[in-house]
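The block underneath contains the structure these notes are about, expressed in structure tokens.
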Amino acid sequence: MSARRVTLLSSRFVVVLVVGLTLGLGLGGLGLGGAVGVPSAAAQAAPVAIKPPPRSATPAGKQVSDRDVVTRRDAAGRPAAAGKPATSKGMAIAFWLFAAITVAGSLFVITRKNLIAAVMGMVGTFFGLAALYMMLYAHFLAVVQMLVYAGAIMVLFVFVIMILNKPEDEPYATTGRAGKAVAGLGMAYLIYRLAAVLVSVDTTVTAPQLAAPATTAQGYDWGSTAAVGWNLFNDYLFPFEAVSILLLVAVVGSIAVARPLKDDDGEVLAADGAAPGGGA
Amino acid sequence: MLMTIGFSHFLVLAALLFAIGTAGVLLRKNVLIIMMSIELMLNAANLTILTFARMHGDLGGHSFAMVVIAVAAAEVAVGLAIVVAIFRGRRHVDVDKMNILKH
């Protein structure tokens, strides 16, 4: 009994350690990147003096950044907000809030023993992600995210959890001391490589990044339903049709897999609890 | 860096989400938790795609994210059907005990 308890405690410790390391190194990477880049105070004080973004070296990038600078607000009669990154502070607060919600929810998912608690963490993650999509001007995708993920998929998960309704006795997959050591070493190496990438990320924020995106060539708001629909039905029509076939196959397949097995006379072969030698 | 949010913040957050999802897949034994972790990783990829779409001013990323969401929904439907079918015969959803194909 006590040995099992020790195992459970140490595996929980491994989870906490891995996650803590990931978080710490990730945030450290942000901090280092920020220290290398332009200080944010200077970026706020003189947004015009920031060097041009590197992507404007290409002709396409130049066109994009030009459209970024000339915002739609000009035409709407508010020329004062044209070049000034007025959104930075509120956007920063919103970003950190929703990023915290997202990360906390996903940590909830992988650490909770109670499956319903894990699903609730997942819902929090999806709401945070929808808000982040809004911040990226993906309004339509944010709503789709909430409808499909936080609505449909999570309800599906809750249904299956309620059907199964079985508490797990040992939730974490770490067997033996050697296995734990190897898993820990591998995970540490993975985190090291990931952190190396994160440290090298340049967090310099240029003025075009803060400007609102321009309208599409058809005159729709960027990221709106009309714009995404135009893009989907013109440039990506084949993937759209392929997805419809995929959904049809998935519907038929899931029904075929999940229904009880019956022979030709309609006799149930393997229904709930009727399977002989169930634990084999 | 703290009060000015650029694209790299979103990308780093997506990387963190993906790492957490990977840790969930590797560390947990319950199939449902593993599937939720896979959803986390798909969402991290979506966040990256949308950030790049915003970076390059290309709406194709939004169409891609739509496709990813639809594929994730189909994957969850089929995966949960398989989980229910397995649970019917074996009365557990522990991946460490699902090893009949190994022997």
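Remember, predicted model here, so these are calculated numbers, not experimental data. Lettering of chains follows the sequences in order, A, B, ..., and the numbering in each one begins at 1.
Looking at B/F10, the atoms closer than 4.5 Å to chain A (heavy atoms on both sides) sit in the backbone and in the side chain alike. With a 4.5 angstrom heavy-atom cutoff, B/L13 touches chain A only via side-chain atoms. Residue A/T125 touches chain B through its side chain alone, counting heavy-atom pairs closer than 4.5 Å. Of the atoms belonging to A/A152, not a single heavy atom falls under 4.5 Å from chain B. Both the backbone and the side chain of A/V119 have a heavy atom closer than 4.5 Å to some heavy atom of chain B.
Note that CE of B/M35 is 4.5 Å distant from CZ of A/F157, once rounded to the nearest 0.5 Å. How far CZ of B/F64 is from CG of A/L141: 13.0 Å, rounded to the nearest 0.5 Å. To the nearest 0.5 angstrom, A/I153 atom CD1 is 11.5 Å from B/M36 atom CE. B/L80 contributes atom CG, which lies 5.0 Å from atom CG of A/L156 (distance to the nearest 0.5 angstrom). Going from atom CG of A/L232 over to atom CG of B/L59 covers 10.5 Å, rounded to the nearest 0.5 Å. The CG atom of B/N30 lies 8.0 Å from the CD1 atom of A/I161; values are rounded to the nearest 0.5 Å.
Looking at heavy atoms from C-beta onward, B/H62 lies out of side-chain contact with A/Y236 at the 4.5 angstrom threshold. Side-chain contact between A/V257 and B/V78: absent, with no pair of heavy atoms (C-beta onward) separated by less than 4.5 Å. B/I20 is listed as a side-chain neighbour of A/I110, based on a closest heavy-atom distance under 4.5 Å.
Interface summary for chain A: among B/A53, B/A81, B/G61, the most heavy-atom pairs under 4.5 angstrom belong to B/A81. When each of B/A65, B/G60, B/A73 is checked for heavy-atom pairs under 4.5 Å with chain A, B/G60 comes out on top. Highest contact tally toward chain A, considering only B/I34, B/V76, B/V25, is held by B/V76 [criterion: heavy-atom pairs under 4.5 Å]. Of all the listed residues (A/F240, A/Y133, A/W222), the one sharing the greatest number of non-hydrogen pairs under 4.5 Å with chain B is A/W222.
Closest non-hydrogen pair, A/L136 versus B/R54, comes out as O-CD, 3.4 Å. Scanning both residues, B/A70 and A/V243, for their nearest heavy atoms gives CB-CG1, 3.4 Å.
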Going by atom type alone, with no hydrogens or angles, which donor-acceptor pairs under 3.5 Å involve a side-chain atom of residues 39-52 of chain B and a protein atom two or more places apart or on another chain?
residue: B/E39; atom: OE1; partner: A/Y149; partner atom: OH; Å: 3.4
residue: B/N43; atom: OD1; partner: A/Q145; partner atom: NE2; Å: 2.9
residue: B/N43; atom: ND2; partner: B/E39; partner atom: O; Å: 3.0
residue: B/T48; atom: OG1; partner: B/A44; partner atom: O; Å: 2.9
residue: B/T51; atom: OG1; partner: B/L47; partner atom: O; Å: 2.7

